[in-house]
Amino acid sequence: MDDNQHVRSAAVLLGLLQQFTVETERYVEAISNRHHLHRTDLNALAAMVAAAREGKTMTPGALRAALNLSSPATTALVDRLDRAGHLARRRSEKDRRQVHLEMTDSARATGSELFSPLAGAIAPVIDALSPEELHIVMTFMQGVIEATMTARKDVTPNSEPSNGVIPEVPVTHRAVRE
């Protein structure tokens, strides 16, 4: 493969990654709407799953940091997930002032219901790979994830964490259709 073909192939691959990201976002949006869950709720549950996978305990403060939310938005999120039966608050055995957040069986069942269809649709694609190809793809994806995390660290954040609400663009800056 010559340099020009490599550059074209790399551009196609980046386009495919972008398209995968867009389609994943569309899937999550459709699932969120169908199950009357906020996108932030799903992000919170995903953060809790990741923490549990790493053997870490999720606290409201850790959840706030993971999702870059303000304290009031985090409180509203935790309250919403608690009311929906997706998490339980437990006082720490070591420090009774600290609250631990734990996913409930209901949250795990909902998560499985939401994402099993996607996993089922992707599984045949993965199963078609040889062990060597699977290793290459896994190595590639890990590198892409790490590169994305590095790029995100280089983005200057807003001075204030998100309150979970998308700010409205002033009328003077909106595109107006005639």
If I take atom [atom1] from residue [X] and atom [atom2] from residue [Y], how far apart are they, to the nearest 0.5 angstrom?
X: His6; Y: Leu13; atom1: NE2; atom2: CG; result: 9.5 Å
X: Leu114; Y: Leu42; atom1: CG; atom2: CG; result: 6.0 Å
X: Asp82; Y: Leu87; atom1: CG; atom2: CG; result: 5.5 Å
X: Leu67; Y: Leu77; atom1: CG; atom2: CG; result: 6.5 Å
X: Leu45; Y: His86; atom1: CG; atom2: NE2; result: 6.5 Å
X: Ser112; Y: Asp105; atom1: OG; atom2: CG; result: 12.0 Å

Do [X] and [Y] share a hydrophobic cluster, counting only Ile, Leu, Val, Met, Phe, Trp and Tyr and linking them when any side-chain heavy atoms are less than 4.5 Å apart?
X: Val78; Y: Met103; answer: yes
X: Val137; Y: Leu17; answer: yes
X: Met48; Y: Leu37; answer: no
X: Val7; Y: Phe140; answer: no

Would you indicate whether the side-chain heavy atoms of [Y] and [X] approach each other to under 4.5 Å?
X: Ser32; Y: His38; result: no
X: Val99; Y: Thr59; result: no
X: Leu16; Y: Phe20; result: no
X: Thr110; Y: Phe115; result: no
X: Leu63; Y: Met58; result: yes

Of all residues at least two apart in sequence or in a different chain, which pass the side chain to side chain contact (heavy atoms under 4.5 Å, CB included) check with [X]?
X: Ile145; answer: Met149
X: Thr75; answer: Asp79
X: His135; answer: Thr139
X: Leu134; answer: Ile126, Leu129, Met138

*Thr57: side chain to side chain donor-acceptor pair (under 3.5 Å) partners, not counting sequence neighbours*: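 Thr57 satisfies side chain to side chain donor-acceptor pair (under 3.5 Å) with no residue once adjacent residues are dropped.
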
*Minimum-distance pair of heavy atoms, taken over all atoms of Ala84 and Ser106*: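 The pair with the smallest heavy-atom distance is O-OG, 4.5 Å.
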
*Are Arg26 and Glu23 within salt-bridge range, i.e. N to O under 4.0 Å?*
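Salt bridge: yes.
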
*Carefully, step by step, assess Tyr27 and Val22 under the rule side chain to side chain contact (heavy atoms under 4.5 Å, CB included).*
CA-CA 9 Å; Tyr27 177 82; Val22 168; over 6 Å; no

*Side chains of Asn43 and Arg39: do they bring a donor and an acceptor to under 3.5 Å?*
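Present: a donor and an acceptor within the cut-off.
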
*asked:* Run the salt bridge (charged side-chain N to carboxylate O under 4.0 Å, His left out) test against Glu102 and tell me which residues pass, sequence neighbours left out.
replied: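 Result, salt bridge (charged side-chain N to carboxylate O under 4.0 Å, His left out) vs Glu102: Arg90.
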
*Taking Gln5 for its side chain and Asp2 for its backbone only, find out whether a donor-acceptor pair lies under 3.5 Å.*
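Judged by distance alone, no pair lies under 3.5 Å.
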
*Is there a donor-acceptor contact under 3.5 Å from the side chain of Thr104 to the main chain of Gly85?*
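Judged by distance alone, yes, a pair lies under 3.5 Å.
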
